[in-house]
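Okay, so here's the structure we're looking at.
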Amino acid sequence: GTLLHPLILIALIITCGMILFGPRKYVPIPFLLLTFLGAIGQQINVSGLHFYVLRILIIAGLIRLIIAKFTASEGLLVGGFDAVDKLFVLWVSFRCAAIIIRNHFEVGAITYQGSFFIDWLGGFFLFRYLIRDQEDIIRVVKVFAALACVLTLAMLNEKFRNQNIFGYLGAVQIVPGSREGAVRAQGAFAHSILAGVFGVILMPLFWWLWRCGKAKAVGVLGFLGSFSMMLMSASSTPLMAFMASVAAWFAWPFRNKLQMFRWGVVAAILTLHMVMKAPVWMLISHIDVVAGNSGYHRAMLIDQCVRHFWDWWLVGTSAAGTWGWDMWDLSNQFVQEADEGGLATFICFVLIIAKTFSKIGRARKIVEGDKQQEWFMWFLGVTLVTHCMCFFGITYFDATRIVWFAFLAIVTAATAPILATAKIEEPEAIPLLPRGKPAFAAPKARRTPDFAGTRQRNATIFHSKQ
């Protein structure tokens, strides 16, 4: 049924008005504040259709996008409709189609996938429209820093007073969960892991905000808030992602040797897979950084997904829960893409990550020598590494997906001008032709008789004979 707190209703009306009629550059501020400070679980039920607060905000944003399509003088998407945009559309389309086909075109499946289509595709292109330049990027990162600070205070209260203030909105439990005697604070998120993930995936952007010198204090506060969220979540996935993030940051001196490093990692994984008694992904089960973690479960998810390849490769499967104990809990984004949408969906998701890495890497090489820009590209790469590490431990099934949309939009806004400049500076390719064969044969020129010249020559010959 409908679950909508009066304060959230008032905030929703104000935010929708700002999305529709406010200046484009300020739209992300109310959107993000409402999304992460109370939108969880809040919804309006209309004849069985669930209009969550986040979904309503995205629909309002899409209306703004359609209006801008016919009224704005500038293009809607900075950098145009690029490869990542196309892959994102394909990924959403394949996933929705696979689930609908697997459920025999049932009305419930069509309705659910329609909402998924609006939430993911609409949210992604809304942020592609809202984030266009470096000023927009800095503004959005500052909003995330403010959110990290506010959520940290709420999670501190949850940690020490055993009370989640967001539970009074009715969507999450007031008394937080615990594991091995440690309170797992979750704040305004659907799970404590996602609360920690929200903090850790924003840390590299806060590092950049501090290093670029444009908002050092905000960057420091955002980092402290994010770090606190990671610790108070008492989860291993955010902590492992933080370690990967720090390692990627300190890999800066080896930035020109990344290709060799990548192939070295591939070779090491293949070697371990051949010499180990168990598959190489079972190494995850031996990682124990937080008491009571679920490393074995994560390893078994990958193992069972590989073993049941022929069950899901075409249109996914609905039988993942029968593969073993707790296999219904798809706490791995890559495994979820395979199980939910099949091989095509999985490939598109991986290609989105690969193409994003490619854009960041090419842009960094172009700006090489400009330390500030080069560091910015490096921090974007570190953020993507952090996302990938988080994908191995959780799926973005709540508002955390908005951070993913915003990050992809930030990457395009940051790299598109650099890559466009490189294309302009490249000389046009000249086609090579076989020797002796011109590109096209010019017509032979017709000789016009020169009667005056002929008479002059005849006169000269006549006088010389005389």
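Small disclaimer: the values here were computed from a predicted structure and weren't measured.
Between the side chain of Trp281 and the backbone N or O of Arg298, no donor-acceptor pair lies under 3.5 Å. In this structure, Asn164 contributes its side chain and Gly187 its backbone to a donor-acceptor pair below 3.5 Å. Not one N or O on the side chain of Asp303 forms a donor-acceptor pair closer than 3.5 Å with the backbone of Ala299. In this structure, the side chain of Arg255 does not engage the main chain of Ala251 through any donor-acceptor pair within 3.5 Å. Judged by distance alone, with hydrogens and angles left aside, the side-chain atoms of Glu158 form a donor-acceptor pair with the main-chain N or O of Gln186 at under 3.5 Å.
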Report, one line per pair, each donor and acceptor closer than 3.5 Å where one atom sits in a side chain of residues 232-239; sequence neighbours left out.
{"from": "Ser233", "atom 1": "OG", "to": "Met230", "atom 2": "O", "distance (Å)": "2.8"}
{"from": "Ser235", "atom 1": "OG", "to": "Arg184", "atom 2": "NH2", "distance (Å)": "2.9"}
{"from": "Ser235", "atom 1": "OG", "to": "Ser233", "atom 2": "O", "distance (Å)": "3.0"}

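Every residue two or more places apart in sequence or in another chain that forms a side chain to side chain contact (heavy atoms under 4.5 Å, CB included) with Tyr26 is listed here: Pro23, Ile29, Arg139. Residues passing the salt bridge (Lys or Arg N to Asp or Glu O under 4.0 Å) test with Arg364, sequence neighbours excluded: Glu374. Applying the side chain to side chain donor-acceptor pair (under 3.5 Å) rule to Tyr396 yields the partners His387; only residues at least two apart in sequence or on another chain are considered. The side chain to side chain donor-acceptor pair (under 3.5 Å) test applied to Asp326 returns Trp328, not counting sequence neighbours. Phe357 is linked by a ring-ring contact (aromatic ring centres under 6.0 Å, His included) to nothing, counting only residues two or more places apart in sequence or in another chain. Residues meeting the salt bridge (Lys or Arg N to Asp or Glu O under 4.0 Å) test with Arg128, sequence neighbours left out: Asp85. Residues satisfying the side chain to side chain donor-acceptor pair (under 3.5 Å) criterion with Asp398, sequence neighbours excluded, are Thr400. Scored by the side chain to side chain contact (heavy atoms under 4.5 Å, CB included) test, Phe117 finds Val92, Ser93, Cys96, Leu121 as partners (sequence neighbours excluded). Every residue two or more places apart in sequence or in another chain was checked for a salt bridge (Lys or Arg N to Asp or Glu O under 4.0 Å) with Arg262, and none qualifies. Residues passing the side chain to side chain donor-acceptor pair (under 3.5 Å) test with Gln373: none are found, sequence neighbours excluded. Every residue two or more places apart in sequence or in another chain that forms a salt bridge (Lys or Arg N to Asp or Glu O under 4.0 Å) with Glu340 is listed here: Arg102.
A pairwise comparison of heavy atoms in Ala195 and Ala185 identifies CB-O, 4.1 Å as the closest pair.
Partner Phe127 forms a ring-ring contact (aromatic ring centres under 6.0 Å, His included) with one of Trp404, Phe405, Phe31 and no other, that one being Phe31. Looking at Phe346, Trp120, Phe124 one by one, the single match for ring-ring contact (aromatic ring centres under 6.0 Å, His included) with Trp91 turns out to be Trp120.
Phe261 and Phe254 have their aromatic ring centers separated by at least 6.0 angstrom. Taking the six-membered ring wherever Trp is involved, the centroid distance between the rings of Phe125 and Phe88 does not fall below 6.0 Å.
The pair Arg24-Asp136 meets the salt-bridge criterion, since a charged nitrogen lies less than 4.0 angstrom from a carboxylate oxygen.
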